[in-house]
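Heads up, the thing below is written out as structure tokens.
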Amino acid sequence: MILFEGERLQKVLARAGLGSRRACEELIEEGRVTVNGEVAILGRRVEIAADQVAVDGVIIGVAPGLVHYLLNKPRGVVCTASDPQGRPTVVELVPSDARVYPVGRLDTDTEGLLLLTNDGELTHRLTHPSFGVEKEYLAEVEGEPSRGSLRILREGVALDDGITAPAKVSAVSPSLLKIVIHEGRNRQVRRMCEAIGHPVQRLVRTRIGPLRDGSLEPGAWRVLTVDEVRALERAASVER
Ligand code: URA
């Protein structure tokens with residue numbers, strides 16, 4: 001008796017966010033998919049927890065059913081699963097096969113990197129304050145902050161919910177600041193800049209812990225590689 005174990009490869013690929021099942025069948029037909037290092041043919045079944053699946057040499061899949069998307073959030077898109085005012089949401093920008101949620105929040109006016117996942121354990125680690133991973137922002141501000149103002153940003157700013165933790169701050173140009181924080185307070189960067197008298201005009205998140213991607217167009221997303229998920233887990237396992 002022949003046992004057909006595992007799941008069809010195109011289904012696993014589609015769930016990992018690589019496109020529709022039909023699109024994933026084409027990837028297989030084009031010879032771009034390997035299973036345990038060997039080029040796969042259509043009809044192949046895999047055990048995602050045991051077999052190593054790669055597309056164009058990039059390994060996919062961390063665990064069965066888990067998906068991790070990295071989105072370049074455009075301005076004007078809301079960071080919730082649904083919006084009572086009917087504005088576009090980040091969840092609408094990624095595939096809907098799995099029910100994913102944004103990890104933390106970006107303001108509607110903020111752009112840049114955002115993770116969406118159904119991986120509850122990773123979400124917990126990334127959002128729990130004691131594991132706060134670094135997040136890097138580029139903030140275009142009004143005016144030109146003085147060196148003294150930058151020092152205040154670095155050392156701690158008094159906000160209405162307390163003094164901010166030390167941050168890494170540098171001026172890329174007189175009105176463009178690179179700010180790295182590891183707290184996740186509401187509108188933190190905007191409030192910090194406002195507090196020194198230089199309100200933010202444009203805010204872009206450029207890094208989440210070890211994750212960067214300067215090549216995703218606004219509104220575009222991709223699946224995280226296994227290595228990226230592992231690197232995020234490592235970054236979020238150091239208690240501060
Ligand atoms: N800080 C802010 O002020 N806004 C964001 O969206 C993220 C960090």
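Order of appearance sets the numbers: ligands from 1, and atoms from 1 within every ligand.
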**Request:** Using a strict cut-off of 4.0 Å, indicate which atoms of ligand 1 neighbour a heavy atom of Tyr137.
**Result:** 7 (C), 8 (C)
**Request:** Give the residue, atom name and distance (to 0.1 Å) of the protein heavy atom nearest atom 4 (N) of ligand 1.
**Result:** Asp107 OD2, 2.7 Å
**Message:** Please check whether Arg105 reaches ligand 1 - meaning an N/O of the residue sits under 3.5 Å from an N/O of the ligand, judged on distance alone.
**Reply:** no
**Glu26 bridged to Arg22 by N-O distance under 4.0 Å** = yes
**Message:** Is there a path of hydrophobic side-chain contacts, each under 4.5 Å between heavy atoms of I/L/V/M/F/W/Y residues, joining Tyr69 to Tyr101?
**Reply:** no
**Asked** Counting heavy atoms only, which of Thr110, Leu203, Ile181 comes nearest to atom 2 (C) of ligand 1?
**Response** Leu203
**Message:** Looking at Arg222 and Glu228, is any side-chain nitrogen of the basic one under 4.0 Å from a carboxylate oxygen of the acidic one?
**Reply:** yes
**Asked** Regarding Ser175 and Glu144, is there a side-chain donor-to-acceptor distance under 3.5 Å anywhere?
**Response** no
**Prompt:** Which residue holds the protein heavy atom closest to atom 1 (N) of ligand 1, what is that atom called, and what is the gap in Å?
**Reply:** Val189 N, 3.1 Å
**Request:** Can you measure from CZ (Arg187) to CZ (Arg191) and round to the nearest 0.5 angstrom?
**Result:** 9.0 Å
**Request:** Check ligand 1 against Gln188 and write out every atom of the ligand that is under 4.0 Å from a heavy-atom position of the residue.
**Result:** 1 (N), 2 (C), 3 (O)
